[in-house]
Amino acid sequence: MRKKIVAGNWKMNTLLGEGVELSKGVAAGLAAVPSDVKLVIAPPFTHLYAVADAIKGTSVSLGAQNCADQKSGAYTGEVSAAMLRSVNCEFVILGHSERREYYGENNDTLNRKMQLALENGLSPIFCVGEKLEEREAGRHFDVVGEQLRSVLFNLTAEQMASVVVAYEPVWAIGTGKTATASQAQEIHAFIRKTLREKFGALADEISILYGGSCKPSNAGELFSQPDIDGGLIGGASLKAGDFLEIAKSY
Ligand code: PEP
């Protein structure tokens, strides 16, 4: 059985006090969320320690939005995978399109980050997704296939078992446009088929999340698709009520 996961990517939002309140709001609403749905919240680095404390003893898991591609040392401004683990992070988002686009992350950087995350006991939430022009040119399968092969195909099966994949069409992130449930299902099935080429039956155990303007009004339909195992939620994760509503729509 694949895990159902609803993960909130807070991006560069909230000040410390607001973030702690938001995390407490999520924890307080847990009782109404189906017990087989795992909630993950990924606040900014500065909030991790305090948020870890705020959700201690609950089933909400902590994630980070990025990690360094080096182990430790003279890398000013970076935060290592081991540091994230030391504040109780269980997940780390890697390969988000905003990091690929604005910070030049490429497959080389991502391969190093994936290895370090896994060596340190973190589960990477590895993001893939095509840009609008790539979809319009009918190249979305090629683009997503290449993103998967260039990074995930370098992992062992044991490593892959800890990875979560997030399909996030760039044209749907923060735009209010969502992939239709059938567009999302089609590419999620393609992602699973691609993973099967390298990992065989393990592909059926990997959670594949949808991300891109997912909100309470569309989550139910998306999550009812056979290859969609939850969501990576940006904007709507900044309100505890909306985030919980999304998780409840399973
Ligand atoms: C994201 O960037 O991971 C995301 C899914 O954002 P939004 O929900 O705001 O589109």
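Counting starts at 1 for both ligands and their atoms, in listed order.
Residue contacts with ligand 1, taken as heavy atom pairs separated by less than 4.0 Å, involve Ile173 via backbone and side-chain atoms alike.
Between Ser213 and ligand 1, at least one pair of N/O atoms sits closer than 3.5 Å. Residue Gly212 has no nitrogen or oxygen atom sitting less than 3.5 Å from a nitrogen or oxygen atom of ligand 1, judged on distance alone. For ligand 1, one of its N or O atoms has an N or O atom of Gly174 under 3.5 Å away. In terms of polar-atom proximity, defined here as any N/O pair under 3.5 Å, Gly235 does make such a contact with ligand 1.
Arg100 contributes no side-chain N or O that, together with a main-chain N or O of Val128, makes up a donor-acceptor pair within less than 3.5 Å. Using modelled atom types, no side-chain atom of Ser237 and backbone atom of Phe243 make a donor-acceptor pair closer than 3.5 Å.
The ligand atoms of ligand 1 that sit less than 4.0 angstrom from a heavy atom of Ala172 are 10 (O). Ligand-side atoms of ligand 1 in range of His96: 1 (C), 2 (O), 3 (O), range being under 4.0 angstrom from any heavy atom. Near Glu168, meaning under 4.0 Å from any of its heavy atoms, are these atoms of ligand 1: 1 (C), 3 (O), 4 (C), 5 (C).
In this structure the side chain of Cys214 never reaches within 4.5 angstrom of the side chain of Thr178, judged on heavy atoms.
When all heavy atoms are compared, the tightest approach of Pro44 to Trp10 is CD-CE3, 4.0 Å.
Between His188 and Tyr167, the ring-plane angle classifies as perpendicular under the 30° and 60° cut-offs.
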